[in-house]
> 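Pasting a structure below so you can have a look.
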Amino acid sequence: MTAFKKHFAILFLFLLPIVTYSQELDRARIIVRGDDMGSSRSANMASIETFVNGIETSIELMVLTPWFPEAVQMLKKNTGIDVGLHLVITSEWDGIKWRPLTNCPSLTDANGYFLPMMGPNKNYPGLAITENPWKLDEIEQEFRAQIEFALKHVPQISHLSGHMGSTGFHPDVAEMVDQLSLEYDLPVMSRATMQSLGISGVTYDGPKATSTEKEVSFIRMLEKLEPGKSYMFVDHPAYDNMEMQGVGHIGYEDVAVDRQGVTDTWTSEKVKEAVLENGIELINFITLSKALPRSELEKEKINPKAISDYLQAVKTNEQDLHSLMILRNGKVVYEQWFGENAANKTHVMYSVSKTFTSTAIGFAIQEGLLDIGDKVISFFPDKLPIEISPKLRALEIRHLLTMTVGHDVDPTGVLREKSDGLDWVEAFLAFPLEHNPGDQFVYNSLATYMLSAIITKVTGERILDYLQPRLFRPLGIVEATWDESPQGIQIGGWGLKVKTEDMAKLGQFYLQKGQWNGKQILPESWFDEATIAQVPSLPAGVKKEDLKTEAKDSDWMQGYGYQLWRSRYNSYRADGLNGQFILILPEQNAVILTTANIPNMQAELNLIWEHLLPAFENY
């Protein structure tokens with residue numbers, strides 16, 4: 001088999017479980033990719049600015065460059081950014097250079113710096129990679145070192161790209177990079193991958209020497225994008241400052257002015273308005289390359305009329321639904337966003353966050369970092385009250401998971417009302433336990449915070465960073481953010497923001513009992529335990545003696561698992577305040593997702609049971 005055929009065979013294997021992002025959508029979609037973060041302080045700051053205040057959707061990070069450590073700190077504060085690793089084997093600037101992480105003499109000059117050019121350049125004769133006897137094994141060892149160094153410091157990295165064409169300048173290199181892509185589960189932005197996903201490259205449509213010209217030419221390009229198609233635009237944001245004025249090489253001396261123009265264009269209000277006016281969806285590479293498969297309602301035997309009836313009932317009952325997504329047989333068969341909500345926008349999860357937290361506990365147990373029966377006080381010897389009661393000594397991780405801590409009321413609200421300087425772990429451990437752990441269910445968001453604190457204690461990582469390689473990267477979840485306590489611990493019980501399709505991926509992951517793309521990522525036994533009714537449950541904030549409804553009429557009285565509610569009709573769910581639901585229906589092999597602002601969540605579920613559940617039956 002030729003190297004070319006091998007390359008495409010590997011690509012096929014990588015993309016086998018991937019179906020291109022819904023081609024039925026009638027909007028043009030564009031990836032706005034900013035390259036070379038880490039190469040300068042100017043590039044670092046502009047990369048963040050064009051994402052936070054502009055239209056950039058992906059940042060490509062270089063790890064060998066002098067400002068990489070600052071880039072790491074910036075990205076830790078901005079976990080909602082989709083980051084790619086920009087693999088490097090050239091160092092093009094005259095006034096600043098970088099060296100490899102490994103010994104690769106076939107790629108370096110006499111001073112140990114990478115050669116400046118990839119292909120022949122008359123201004124740098126004999127100093128191109130392709131003009132020298134480069135060695136494939138040296139490129140592989142260097143790329144591998146860059147990947148592992150990057151993942152160690154920036155867990156949110158989701159994909160690979162090549163600086164100056166480093167990943168695809170020869171078929172053997174492209175094949176090797178595809179192998180690394182599979183090994184590390186990092187899709188590569190190669191020409192072949194782009195073609196397979198239907199992504200076309202675009203550039204400025206006209207002059208681009210100045211900021212004004214770039215803005216006009218960029219808008220002209222946007223206006224020509226075709227509905228239903230996907231595109232990628234690549235450039236290099238930075239600032240025209242003293243630092244960048246010292247950067248350049250023969251033939252490209254106006255770097256500072258050029259890259260200031262990129263920053264100005266990507267943060268331009270006129271450009272933002274053009275994106276909206278032309279109905280263009282800003283999207284990242286992973287959303288396309290790791291999208292859930294799409295299908296049609298009829299093909300998956302779902303009654304379309306049931307969905308239209310449901311949406312009419314939502315309108316009639318004046319429910320503020322923000323998004324609806326339905327999966328069956330592992331495929332998205334219906335998706336819609338309402339109002340200002342959109343597929344590319346994250347949404348607050350409220351207590352859906354809890355299920356992500358419990359999943360992290362499952363991974364930690366799988367890795368032998370803790371056990372469900374571990375005593376909670378063992379993790380925080382420096383945070384304990386002076387007197388440790390027998391009930392506190394008996395408190396285990398399982399009680400945090402099942403919300404049977406022993407509190408008579410949820411301490412979350414009480415403790416959050418106190419001073420911002422309050423240590424949440426100390427306050428939780430000092431809060432009175434009126435009951436023996438395991439005896440009584442009381443909804444308890446701070447118990448989930450304790451689970452997050454335990455993950456941080458045993459791993460040394462924030463829970464979001466811990467989940468990145470284990471859950472988020474395999475499933476293709478990017479741009480997630482999670483609020484933190486005053487102590488810098490991600491809250492666990494609430495505060496997570498993800499997109500609707502990310503919720504769907506977690507729901508499908510649970511429905512498949514930890515399998516994803518043919519791999520058992522988390523043991524099936526975890527899901528057998530997590531999704532059953534471990535304890536009887538009550539609605540949040542309600543005591544048994546105050547109940548005014550019967551179990552047959554309430555989805556909050558079907559039992560509670562590991563940060564999951566059992567629901568009627570032999571289903572279970574993650575749910576969050578005001579109607580955020582990941583509703584898993586094993587008997588129907590289906591998942592229903594909603595985001596909303598619906599205070600009466602039982603009423604929301606009632607409409608789902610009335611209209612959507614029958615859609616799966618006898619059709």
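By convention here, the first residue in the shown sequence is residue 1. Predicted model, so just to flag it, every value in this text is computed and none were measured.
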> Which residue pairs satisfy the salt bridge (charged side-chain N to carboxylate O under 4.0 Å, His left out) criterion with at least one member in residues 310-323, sequence neighbours excluded?
none

> Between Phe441 and Trp556, is the ring centre distance below 6.0 Å?
no

> Answer yes or no: is there a side-chain heavy-atom contact under 4.5 Å between Ile157 and Leu151?
yes

> Please report the shortest heavy-atom distance between Glu501 and Leu292, naming the atom on each side.
OE2-N, 2.8 Å

> Can you tell me which residue among Thr57, Leu61, Ile59 is in a side chain to side chain contact (heavy atoms under 4.5 Å, CB included) with Ile81?
Ile59

> Is a salt bridge present between Lys76 and Glu484, judged by a nitrogen-to-oxygen distance below 4.0 Å?
no

> Is there a side-chain contact between Asn600 and Gln319 (heavy atoms, below 4.5 Å)?
no

> Regarding Ser158 and Gln156, is there a side-chain donor-to-acceptor distance under 3.5 Å anywhere?
no

> Take Glu479 and Asn284, measure what side-chain contact (heavy atoms from CB on, under 4.5 Å) needs, and give me the verdict at the end.
CA-CA 9 Å; Glu479 299 182 316; Asn284 59 61; 3.3 Å; yes

> Can a donor-acceptor pair be found, under 3.5 Å and without considering hydrogens, that links the side chain of Thr267 to the backbone of Gly54?
no

> What distance do Arg27 atom CZ and Ile280 atom CD1 have between them, rounded to the nearest 0.5 Å?
9.0 Å

> Within the structure provided, determine whether Phe233 and Ile30 are in side-chain contact (heavy-atom separation under 4.5 Å).
yes

> Please name the pair of heavy atoms, one in Ser47 and one in Met37, separated by the smallest distance, quoted to 0.1 Å.
OG-CB, 3.8 Å

> My understanding is that only residues two or more places apart in sequence, or in another chain, count here; which of them pass side-chain hydrogen bond (donor to acceptor under 3.5 Å, both in side chains) with Gln490?
none

> Give a yes or no answer on whether the side chain of Glu56 reaches the backbone of Trp266 with a donor-acceptor pair at less than 3.5 Å.
no

> Just grab all the ring pair (Phe, Tyr, Trp, His ring centres under 6.0 Å) pairs involving residues 286-322, residues at least two apart or on different chains.
His322-His347

> Keeping to residues at least two apart or across chains, list the salt bridge (charged side-chain N to carboxylate O under 4.0 Å, His left out) pairs with something in residues 190-202.
none

> Ile532: what forms a side-chain contact (heavy atoms from CB on, under 4.5 Å) with it, not counting sequence neighbours?
Gln534

> With side chains defined as the heavy atoms from C-beta onward, is the minimum distance between Asn317 and Glu604 less than 4.5 Å?
no

> So, taking the atom named CG in Leu197 and the one named NZ in Lys290, what distance separates them when rounded to the nearest 0.5 Å?
12.0 Å

> Under the side-chain contact (heavy atoms from CB on, under 4.5 Å) criterion, do Leu160 and Thr167 qualify, and how do the steps go?
CA-CA 9 Å; Leu160 304 174; Thr167 56; 5.8 Å; no

> Can you tell if the side chain of Leu506 reaches within under 4.5 Å of the side chain of Leu471, non-hydrogen atoms only?
yes

> Parallel, tilted or perpendicular for Tyr510 and Phe527, by the 30°/60° rule?
perpendicular

> Kindly state each residue pair satisfying salt bridge (charged side-chain N to carboxylate O under 4.0 Å, His left out) with at least one member in residues 550-560, sequence neighbours excluded.
Asp555-Arg568

> Test your reading of the model: is there a side-chain donor-acceptor pair from Lys345 to the backbone of Glu340, 3.5 Å cut-off?
yes

> Within the distance-only criterion (no hydrogens, no angle test), does the side chain of Lys354 pair as donor or acceptor with the backbone N or O of Gly493 below 3.5 angstrom?
yes

> Please report the interatomic distance CD1(Ile491) to CG(Leu496), rounded to the nearest 0.5 Å.
10.5 Å

> Under the side-chain contact (heavy atoms from CB on, under 4.5 Å) criterion, do Tyr334 and Leu297 qualify, and how do the steps go?
CA-CA 7 Å; Tyr334 186 86; Leu297 292 166; 4.3 Å; yes

> Who pairs with Thr412 by side-chain contact (heavy atoms from CB on, under 4.5 Å), at least two apart in sequence or on another chain?
Asp410, Arg416, Asn444, Ser445, Leu446, Trp494

> Looking only at side chains, do Ser308 and Gln312 share a donor and an acceptor under 3.5 Å apart?
no

> The criterion is side-chain contact (heavy atoms from CB on, under 4.5 Å); which residues satisfy it with Glu610, sequence neighbours excluded?
Leu607

> Is there side-chain contact between Asp502 and Thr346, with heavy atoms separated by less than 4.5 Å?
no

> With sequence neighbours excluded, what pairs up with Ala360 under the side-chain contact (heavy atoms from CB on, under 4.5 Å) test?
Ile455, Ile463, Tyr466, Leu467

> Should the pair Lys272-Glu269 be classified as a salt bridge under the 4.0 Å nitrogen-to-oxygen rule?
yes

> Could you note down all residue pairs passing ring pair (Phe, Tyr, Trp, His ring centres under 6.0 Å) where residues 283-308 supplies at least one of them, sequence neighbours left out?
His159-Phe285

> Distance-only, no hydrogens or angles: does the Arg328 side chain make a donor-acceptor pair with backbone N or O of Glu300 under 3.5 Å?
yes

> Would you call the rings of Tyr562 and Trp526 parallel, tilted or perpendicular if under 30° counts as parallel and over 60° as perpendicular?
tilted

> Please tell me if the side chains of Arg398 and Glu529 come closer than 4.5 Å, counting only heavy atoms from C-beta onward.
no

> Can any side-chain N or O of Lys331 pair as donor or acceptor with the backbone N or O of Ser295 at less than 3.5 Å?
no

> Provide the closest heavy-atom pair for Thr79 versus Ala480 in the form atom of the first, atom of the second, distance.
OG1-O, 3.0 Å

> Which atom pairs, donor and acceptor, lie under 3.5 Å between side-chain atoms of residues 581-592 and protein residues at least two apart or in another chain?
from, atom 1, to, atom 2, distance (Å)
Glu587, OE2, Asn570, ND2, 2.9
Asn589, ND2, Asn329, OD1, 2.9

> How far does CG of Leu288 sit from CD1 of Ile199, to the nearest 0.5 angstrom?
4.5 Å

> With no hydrogens and no angle check, is any side-chain donor or acceptor of Gln515 less than 3.5 Å from a backbone partner on Ile521?
no

> Do Leu451 and Gln563 come within less than 4.5 Å of each other through their side chains, counting heavy atoms only?
yes

> Around atom NZ of Lys497, are there more than 12 heavy atoms of other residues, nucleotides or ligands at under 6.0 Å?
no

> Where the side chain of Arg470 meets the backbone of Gln468, is there a donor-acceptor pair that is under 3.5 Å apart?
no

> Pair Ser452, Trp482 - check side-chain contact (heavy atoms from CB on, under 4.5 Å), show working.
CA-CA 11 Å; Ser452 177; Trp482 213 322; over 6 Å; no

> With no hydrogens and no angle check, is any side-chain donor or acceptor of Gln520 less than 3.5 Å from a backbone partner on Leu522?
yes

> Judged by modelled atom types alone, do Ser58 and Arg33 share a side-chain donor-acceptor pair under 3.5 Å?
no

> Please give me the minimum heavy-atom distance between Thr549 and Met557, naming the atom from each residue.
CG2-SD, 3.8 Å

> With sequence neighbours excluded, what pairs up with Phe338 under the ring-ring contact (aromatic ring centres under 6.0 Å, His included) test?
none

> Testing the basics here: between Gly559 and Ala533, what is the closest heavy-atom pair and its distance to 0.1 Å?
CA-CB, 3.8 Å

> Where the side chain of Asp309 meets the backbone of His611, is there a donor-acceptor pair that is under 3.5 Å apart?
no

